[in-house]
Amino acid sequence: MTTSSVQDLLSSLNPQQREAVQHIEGPLLILAGPGSGKTRVITYRIAYLVREVGVNPRRIMAMTFTNKAAKEMRERLDRLLGPRAAELSLGTFHSQCAAILRRDGTHVGLERNFHIYDDEDQITVVKKSLLDMDMDSGKFPPRAILSAISRAKSLVQDAEQFASSVDTYYEEIVARVYRRYESILTSAQAVDFDDLLMKTHQLLMGFPEVAERYQGRYLHLLVDEFQDTNVAQYAIARHIAKQHRNIAVVGDPDQSIYSWRNADLRNILSFQHDHPEAQLVTLGENYRSTKTILEGARNVIAANQQRLEKELFTERHQGEKIVIAEAYNPEEEALYVLQEVERLRKTADFTFNDVAVMYRVNSQSRAFEETCLRFGVPYRLVGGVRFYQRREVKDVITYLRVINNPYDEISLARIVNVPARGIGQRSLEDLTFWARQRNLSLWEAMQAVVKGRTEGGEAPPLASRPAGATAGITGLITDLIEQGQRVDIVTLLDNLLERIKYKQHLVSDPDRGEERWDNVMELRGVALQYKDWDPGEGLFAFLENVALVADVDRMDEAEREALTLITLHQAKGLEYPVVFMTGMEEGVLPHMRSMDDPGEMEEERRLTYVGMTRAKDRLYMVRAFRRGFGGASMPSGPSRFLADIPEHIISKPMGVRQVVTPARQPSFWPGARTVTPAADGKPSVQPFKVGEKVKHNKFGEGVVINCIATNDDYEVTVAFRTDAGIKRLLASFAPLERVREE
DNA sequence: CTTTCGGGATTTTTT
DNA sequence: ATCCCGAAAG
């Protein structure tokens, strides 16, 4: 569609959007409400710069927050600009910084092939640091330490700077771990996510000749989701834009939901302070949601104290009321949602693809998954236990990392004994100790073991069994490194799996073995994209992709008709005709952990706002009366945010929960029908099995979908085929009969 | 020495 | 319910 004229593009925009697109010289701050055509403005602006102003696309940089946003922008720009779109520097902060560091990182001590450590690796490094320094990881939880280090890095404080600014004992500890942590990363030639930013910042600040190259090159800089940038990111952007001062940032303070990842809302507030000449454009017209949904969302967000008020309006119709529904527990909540989805499909012409079920925490997805499986409803789970972090996937990736660079000690240590081959903790410690004494790496120590066995000479002190095993794995890695130079990534991967007998290893676990192997095969599917690359290059590119790509980005790969299960955080930037916000309870949304901090509470409110504004036509907000935290389930009250939605736009369906249990009387009352507990204390009533077909003399045939023991009875949940729908019944009272399956 | 088994603590959100 | 760590068995 490169054919559409620039005039056509402009005429399709409203005046504010046009103003944002056509502002050329100098800083620009775009405050963009939800559904206000933000992506459109960014992409048209880039197209306008290239096609009308004549800016070389090589001289434009656009930073996004997620790969998904980058990809979407790339696709739209392909259509607007054709092949020239490929010349734009467009990507996430992290991936663009990685690219800069691959190119110029030697100045800050990075080889070209540094590894990027993920969260799990980071924890491993912190634990190792604590261990090295004889500190108790019970007293200093690695997670907490890591988050302190991460916060420092987001503020571009390196270990030395941090150490010189400590003022509590705890920070002193963090400072010591931070130093050690850095030295482990350095010797492994690895960086963490925060380093990608911090080291880029150091590079730009410390090496003017490098910085000038980037500053001179980029005439225009765009930053998307500016409200979610941290100090390091903003500093990098400002620095790159320093020479030409054409920095355009787009954001919405009301949608800032990443402060826990050190995003600093103040960036968006200080932008105008840092750039007094900045032009401000507010995009207030919402093209996404009905009037009702927008009004609900506006009322929720209005209660926040710290915010820049902006006018929001829509020309869309009034639409349906917001449905606030109540269920008994998470299982019933899921049943209600699926029932309602079914109804919408039948009566309102929505498809599964139109529906998203949103929740605050990943663990909430389980009830929905199970219920979907039970009823055969296709679903797409975004995130969850993230794919690349599943143990089996991570193991294979770690092997590949070692093949790429065996001096990566954290990775090497992770896989020497996977699958278990007789190199335990003790052997690994001895090996590491021996290596450190001689100033060698773990990999060199392992090679010495091999050498010691074949030609004698000095070798680490290992018992014969571990020594043999070590020689084995060392030989294996050596072979694979050598192969890695000659064969493509997929062949390499296949050989690796074959030689470590990984399939047998996984499948020996009867529980989820098959599933795990499927995951490995899915990873192989990703590797297939790199099959045609040059041997070493393909491996490298594959690892880079895996390190920087999150699961949300894989979402649209599944094309089949399915409803979406997604966290509120991941849903940002997306939209769906029908949205179910679930777990609308105190303790869940707002989350328990934000209860005692007003700032965090405001963030919970913004999260609610983000969720509500994802909906185009129908919005449901559902809660459960009881919710369990692992073991026991507890009563839970309605989320305070529900109270901020005006009554006149709410619909509360009656009979969400059609409980048919007869009025229950305590069994010790005279006249009450009692069920005598059996000798072992278990109820004497026979339980029904899930999936069993039953018949009720009033409701007809149905399927048991749940059966839980109560004090002296069983509570059976049955999905009836008839209009009765889903009922909860007491096994001892209900006229329920099993139906024999032929 | 390694592995496995069991008990204990712990559960936000992700580039 | 799941993960992590420590103790006993092979």
Side-chain angles (χ1 to χ4, degrees), chain A residues 63-70 91-98 116-120 122-124 127 136-138 141-143 147 150 153-154 191-197 225 228-230 232-233 256-263 330 358-367 370 382-389 391 417 419-430 462-469 511-512 546-553 566-572 583 587-595 600 603-604 606-608 610-611 627-633:
Chain A
M63 306 281 213
T64 66
F65 215 60
T66 62
N67 291 292
K68 182 161 175 37
T92 62
F93 264 100
H94 289 87
S95 67
Q96 302 215 62
C97 287
I116 300 168
Y117 276 8
D118 66 15
D119 190 67
E120 198 191 336
Q122 294 182 54
I123 288 289
T124 311
K127 283 185 185 159
D136 181 4
S137 59
R143 270 242 107 72
S147 105
S150 172
K153 289 189 176 185
S154 307
V191 300
D192 61 24
F193 278 116
D194 299 308
D195 282 335
L196 291 174
L197 306 174
E225 304 284 11
D228 286 326
T229 53
N230 63 29
Q233 287 166 323
S256 163
I257 53 174
Y258 283 104
S259 71
W260 50 274
R261 221 173 64 191
N262 305 311
M358 302 183 183
Y359 36 83
R360 175 67 233 263
V361 295
N362 275 308
S363 60
Q364 285 174 261
S365 71
R366 256 200 54 204
E370 282 173 4
V382 184
V385 181
R386 288 192 287 292
F387 180 72
Y388 290 116
Q389 279 170 224
R391 203 188 57 215
N417 203 30
R421 50 172 72 87
I423 308 169
Q425 200 188 333
R426 185 62 206 269
S427 300
L428 194 58
E429 260 172 44
D430 289 348
L462 294 182
S464 85
R465 229 175 68 144
D511 276 354
R512 291 211 300 258
V546 162
L548 291 172
V549 169
D551 279 10
V552 220
D553 312 321
I566 192 169
T567 65
L568 289 164
H569 281 87
Q570 292 178 114
K572 194 176 71 160
V588 178
L589 183 64
H591 194 269
M592 200 110 66
R593 302 236 168 162
S594 24
M595 291 292 187
E600 286 179 38
E603 184 146 315
E604 297 293 303
R606 292 194 291 268
L607 196 52
T608 309
V610 166
R627 188 171 300 270
F629 305 95
S633 91

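Side chains included, hydrogens not; waters and symmetry mates left out as well; all remaining heavy atoms used. Below, chains carry the letters A, B, ... as their sequence lines are ordered, and counting in each starts from 1.
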For E120(A) and dC3(C), give me the distance from atom CD to atom P, rounded to whole Å. 11 Å
Which part of the nucleic acid, if any, lies within reach of F93(A) when heavy atoms closer than 4.0 Å are counted: base, sugar-phosphate only, or nothing? nothing
Tell me, please, which residues at least two apart from E600(A) pass salt bridge (Lys or Arg N to Asp or Glu O under 4.0 Å). none
May I ask you to verify if any side-chain N or O of Q570(A) is less than 4.0 angstrom from the OP1 or OP2 atom of dT14(B)? yes
Hey, is the side chain of N230(A) poking within less than 4.0 Å of OP1 or OP2 on dT15(B), counting only N and O atoms? no
Residues in ring pair (Phe, Tyr, Trp, His ring centres under 6.0 Å) contact with H569(A), at least two apart in sequence or another chain: Y258(A), W260(A)
In whole Å, what is the span from the CD1 atom of I116(A) to the P atom of dT15(B)? 14 Å
With no hydrogens and no angle check, is any side-chain donor or acceptor of N417(A) less than 3.5 Å from a backbone partner on I423(A)? yes
Atom CZ of R627(A) to atom P of dA1(C): distance rounded to whole Å? 16 Å
For atom CZ of R261(A), decide whether the heavy atoms of other residues, nucleotides or ligands shown that lie under 6.0 angstrom number more than 12. yes
Nearest whole angstrom, please: distance from the P of dC4(C) to the CD1 of I123(A). 10 Å
For the pair E225(A) and T64(A), evaluate side-chain contact (heavy atoms from CB on, under 4.5 Å) and give the outcome as yes or no after the intermediate values. CA-CA 7 Å; E225(A) 304 284 11; T64(A) 66; over 6 Å; no
In 5'-to-3' order, the base (B), backbone-only (S) or no-contact (-) status of each nucleotide in nucleotides 1-6 of chain B, using a 4.0 angstrom heavy-atom cut-off, is SSS---
How many Å lie between NZ on K127(A) and P on dC3(C), as a whole number? 13 Å
Taken to the nearest whole Å, CG/N67(A) to C1'/dT14(B) is 12 Å
From dA1(C), dT13(B), dT15(B), nucleotide with atom closest to T92(A) side chain: dT15(B)
Side chains of L548(A) and T92(A): closer than 4.5 Å at any heavy-atom pair? no
Can you tell me how far P of dT15(B) sits from CG of D195(A), to the nearest Å? 18 Å
Quick test of the criterion, 5.5 Å between centres and less than 30° between planes. Is W260(A) stacked on dT13(B) or not? yes
Protein-nucleotide distance (R593(A), atom CZ; dT11(B), atom C1'), rounded to Å: 7 Å
Is the shortest side-chain heavy-atom distance between M595(A) and P590(A) below 4.5 Å? yes
When we call it a touch if two heavy atoms are under 4.0 Å apart, what does T567(A) touch: a base, just sugar-phosphate, or nothing? sugar-phosphate
Euclidean distance for C1', dC4(C) against dT13(B) (whole angstrom): 22 Å
